[in-house]
Amino acid sequence: MAGLRALRIAAAAAGALGGLSGAVYSLLNEQSRRARLIIGLPEAPPPRADGVYLPTGEGPLAPEDPAVGEPPVLFAMIGDSIAAGLGVETAAELPAVLLAKALAEESELPVQLTTYAVSGSTSRDLEGQVDLALRQPPDLALVIIGGNDVTTQIPITTSAALLESNVGRLRAAGAAVVAGTCPDLGAVRPIPQPLRSLVRSWSLLLAKTQHRAIERAGGMPVPLADLLSPEFLTRPAELFSADRFHPSAAGYLISVEVLLPALCSAIGVWQGGPIAEPPTRSAAAEAMRPSRRIAARIEAARAKRFHRHN
């Protein structure tokens with residue numbers, strides 16, 4: 001789910017996390033090299049389909065098209081390859097397009113999509129994307145960033161501060177902001193163990209820190225690791241694209257399903273039930289705590305004894 005750079009420097013990231021011995025560091029470097037060979041390079045950037053989408057499902061239309069009618073809701077897509085939709089085959093499968101259509105249907109208003117997201121971006125690139133977005137301040141912005149921050153070893157506090165600053169800039173301009181926190185990179189199967197566990201730890205810690213930063217800036221965080229990781233771990237063949245790194249059309253579809261309620265709520269048009277308060281700590285991270293693992297083993301042993309005696 002992160003860019004290919006994840007595998008070029010993940011061993012170095014692992015070393016930074018744990019102060020590893022030379023032998024283990026060499027092992028992780030070799031694991032990274034092998035995973036790169038399996039994944040390969042993206043063949044092309046994702047398609048684009050910016051424009052106005054109508055509640056009837058029509059689009060994309062030019063903003064000046066007479067069919068648009070009333071002024072549209074301005075919707076900005078900001079972030080990295082996940083926000084850009086790398087991994088889909090057609091424009092109709094892009095997460096931004098699916099969200100724009102759903103927002104138009106839910107709000108019964110035209111929605112004008114503008115994509116500023118660029119594959120490979122980190123939180124350091126948000127300033128430039130937000131600069132472009134603020135030329136015509138959006139009514140609603142979705143930010144998805146973080147995977148490449150892990151793979152390029154940007155310190156977690158730095159990543160969170162950059163995200164908080166740019167969410168704050170959008171909010172100051174009057175935009176409602178929803179931000180998806182860093183996905184669980186441990187769901188990427190081509191990254192072997194033990195490297196995958198180390199990358200997972202970093203991504204989950206970043207997601208937790210981002211969550212707090214987004215709230216401080218007045219945005220609405222959506223914990224992608226909590227909401228999507230179980231699905232991607234159990235259905236990798238279906239939910240990952242051919243590169244086995246980025247989501248497939250089906251993977252983006254379930255991402256849209258978890259993001260849409262927050263986006264609709266942010267602009268006051270959600271017609272569904274109450275939106276649950278998202279957790280501040282990933283369930284996957286909680287499960288990795290030693291106390292939780294010990295408790296789980298004790299419970300398993302008790303269950304085994306119970307079945308043996310009954």
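At a threshold of 4.5 Å between non-hydrogen side-chain atoms, the residues Leu260 and Leu103 count as touching. Arg212 has its side chain within reach of Lys208: a pair of non-hydrogen atoms, C-beta onward, lies under 4.5 Å apart. At least one side-chain heavy atom of Asp131 sits less than 4.5 Å from a side-chain heavy atom of Arg169. Counting heavy atoms from C-beta outward, Asp149 and Cys182 have side chains that stay 4.5 Å or more apart. Val118 places none of its side-chain heavy atoms less than 4.5 Å from the side chain of Asp125.
With sequence neighbours left out, Arg124 forms a side-chain hydrogen bond (donor to acceptor under 3.5 Å, both in side chains) with no residue at all. Listed by chain and residue number, nothing satisfies the side-chain hydrogen bond (donor to acceptor under 3.5 Å, both in side chains) test with Asp139 (two or more places apart in sequence, or in another chain). By the salt bridge (charged side-chain N to carboxylate O under 4.0 Å, His left out) test, Arg171 pairs with no residue at all, sequence neighbours left out.
The hydrophobic cluster containing Ile145, built from Ile/Leu/Val/Met/Phe/Trp/Tyr side-chain heavy atoms closer than 4.5 Å, also comprises Ile78, Tyr116, Leu126, Val130, Leu132, Leu134, Val143, Leu163, Val167, Leu170, Val177, Ile214.
Within the structure, salt bridge (Lys or Arg N to Asp or Glu O under 4.0 Å) pairs that include any residue of residues 155-164 comprise Glu164-Arg216 (at least two apart or interchain).
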Pairs of donor and acceptor atoms involving the side chains of residues 58-65, under 3.5 Å and at least two apart or interchain, shall be tabulated with distances.
residue, atom, partner, partner atom, Å
Glu58, OE2, Thr56, OG1, 3.0
Asp65, OD1, Ala67, N, 2.8

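Between the side chain of Thr209 and the backbone N or O of Ala160 there is no donor-acceptor pair closer than 3.5 Å. Judged by distance alone, with hydrogens and angles left aside, the side-chain atoms of Glu70 form no donor-acceptor pair with the main-chain N or O of Pro110 at under 3.5 Å. Remark: the backbone N or O of Thr122 is not paired with any side-chain donor or acceptor of Asn148 at under 3.5 angstrom.
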